[in-house]
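For reference, the structure discussed in these notes is given below.
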Amino acid sequence: MITSLFTPLVHAELRPSAVPGGVVTLTVAPATAPRPDVRFAGRPVLLQQDPGGWQAVVGLPLDTPPGEQAVEIGPEARRLAFQVSAKAYPEQRLTVKNPKMVSPDPDDLDRIAAERERQLQVRSQFRDVPVARTDLDLPTAGRLSSRFGLRRVFNGEPRAPHTGLDVAAPMGAPIRAPADGVVSLVDDLYFNGKTVFVDHGQGFVSMVCHLSEAKVEVGRKVRRGELLGLVGNTGRATGPHLHWSVYLNGAAVDPALFIGPTPDPKPAR
């Protein structure tokens, strides 16, 4: 159980955005109240305590419909409503040299399904520890080449939206932990290639992938800025780069909201 601590919130770089794939912050209880139980779509959400009250930091899945949504508070499931605005994400067309990365062979589909389930479990874990900061550091230096939410078309075939932020970086560039946490998965996955998940606590999770090499192991505690691995082009990648995903209460949300304003990338080639 998390103890009640008046830890100053340090998330000047967190820019809430009430859109699909965005983040909502809500005051859900007075600061003097016991820590409440707050859920969105049945999942517990990240809570922080400051002098202004208990703050819920809620991730909105990309398929969240516009209109009224609500968190549920306490055993009586008291509803606290908020509004979600529509957002139209642009389309991105990419060419992948290996056709199996667009239309996998039947023999690979079982592996892909198992990997998807394993990643879902890891990103949905709720490690009940205090989270003092929700600002994140960009894991590697480079130009932001593909934004979150792009409707992706590979070799002319529509595929799932882009659930991360891509950073153009050279092969072998260092990838560092965006915040303190515990390494919860290290694996070599069909689409993601070499991948590392870091659990920052209370359902706040980062994932970096397409690595050439991982430099950590499962269970290791890492500090913000500590080396996780090296940039590569493993898995479904058109060249060396970092793909970085951020999850809250199991939902993939826009990593750019956690790192402050950044310029729009040049159009993808």
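Sequential numbering from 1 along the given sequence is applied to the chain's residues. From a predicted model like this one, the values you see are computed outputs, not experimental measurements.
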Can you name the residues that form a side-chain contact (heavy atoms from CB on, under 4.5 Å) with [X], not counting sequence neighbours?
X	answer
Pro66	Ala86
Val216	Val183, Val186, Val196, Arg220, Val222, Leu228
Thr64	Leu60, Pro61, Gln69, Val84

State the [atom1]-[atom2] distance between [X] and [Y], to the nearest 0.5 angstrom.
X	Y	atom1	atom2	result
Leu242	Asn233	CG	CG	12.5 Å
Arg39	Asn249	CZ	CG	11.0 Å
Leu189	Cys209	CG	SG	8.0 Å
Asp199	Ser184	CG	OG	5.0 Å
His162	Leu62	NE2	CG	11.0 Å
His200	Ser206	NE2	OG	3.0 Å

Pair Leu150-Tyr89, side chain to side chain contact (heavy atoms under 4.5 Å, CB included): steps then yes or no
CA-CA 6 Å; Leu150 292 171; Tyr89 290 98; 5.8 Å; no
Distance-minimising heavy-atom pair for Pro170 and Pro240
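Scanning both residues completely, I find the closest heavy atoms to be C-CB, 4.5 Å.
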Restricting to non-hydrogen atoms, name the atom on Ala31 and the atom on Pro51 that form the minimum distance, rounded to 0.1 Å.
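Ala31 and Pro51 have their closest heavy atoms at CB-O, 3.6 Å.
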Side-chain cluster (under 4.5 Å, hydrophobic types only) that Leu120 belongs to, other residues:
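None, because no other hydrophobic side chain comes under 4.5 Å of this residue.
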Using a side-chain heavy atom cutoff under 4.5 Å and only I, L, V, M, F, W and Y, what cluster partners does Phe197 have?
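Under the 4.5 Å side-chain rule, Phe197 groups with Val122, Leu185, Val205, Met207, Tyr247.
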Verdict with supporting geometry, Leu80 and Val28, side chain to side chain contact (heavy atoms under 4.5 Å, CB included):
CA-CA 8 Å; Leu80 177 61; Val28 292; 4.0 Å; yes
Given side chains that start at C-beta, do those of [X] and [Y] come closer than 4.5 Å, heavy atoms only?
X	Y	value
Leu230	Leu211	no
His243	Asn192	no
Phe40	Val24	no
Leu47	Pro36	yes
Asp108	Tyr190	yes

[X] and side-chain contact (heavy atoms from CB on, under 4.5 Å): which partner among [options]?
X	options	value
Leu46	Val58, Leu248, Thr25	Leu248
Trp244	Leu136, Ile175, Val167	Leu136
Leu165	Pro139, Ser245, Ser146, Pro255	Pro255

Charged N to carboxylate O below 4.0 Å: is that the case for [X] and [Y]?
X	Y	value
Asp137	Arg224	yes
Arg79	Glu68	yes
Asp254	Arg147	no
Lys194	Asp188	no

Please name all residues satisfying salt bridge (Lys or Arg N to Asp or Glu O under 4.0 Å) with [X], sequence neighbours left out, ordered by chain then number.
X	value
Glu115	Arg111
Glu76	none
Arg116	none

Before you tell me yes or no, could you show the steps for Ser145 and His241 under side-chain hydrogen bond (donor to acceptor under 3.5 Å, both in side chains), namely the whole-Å CA-CA distance, both residues' side-chain angles and the distance that decides it to 0.1 Å?
CA-CA 9 Å; Ser145 56; His241 72 284; over 6 Å; no
Without swapping roles, check the side chain of Arg123 against the backbone of Gly250 for a donor-acceptor pair under 3.5 Å.
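Here the side-chain-to-backbone pair exists.
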Under 3.5 Å, is there a donor-acceptor pair between the side chain of Glu117 and the main chain of Ala114?
no
List for me each residue that meets side-chain hydrogen bond (donor to acceptor under 3.5 Å, both in side chains) alongside [X], sequence neighbours excluded, and say none if there are none.
X	answer
Arg43	Ser124
His210	none
Lys215	Glu213
Thr27	Gln55

Evaluate the criterion side chain to side chain contact (heavy atoms under 4.5 Å, CB included) for residue pair Leu26 and Val38; output intermediate values, then yes/no.
CA-CA 10 Å; Leu26 302 166; Val38 182; over 6 Å; no
Audit row: Asp187, Arg118, salt bridge (charged side-chain N to carboxylate O under 4.0 Å, His left out) steps and yes/no:
CA-CA 10 Å; Asp187 209 343; Arg118 186 156 70 250; 2.7 Å; yes
Could you check whether Phe258 and Phe204 have their ring centres less than 6.0 Å apart?
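For Phe204 and Phe258, the ring centres are under 6.0 Å apart.
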Hey, mind stepping through Val23 and Val253 against side chain to side chain contact (heavy atoms under 4.5 Å, CB included) and telling me if it holds?
CA-CA 7 Å; Val23 178; Val253 294; 4.2 Å; yes
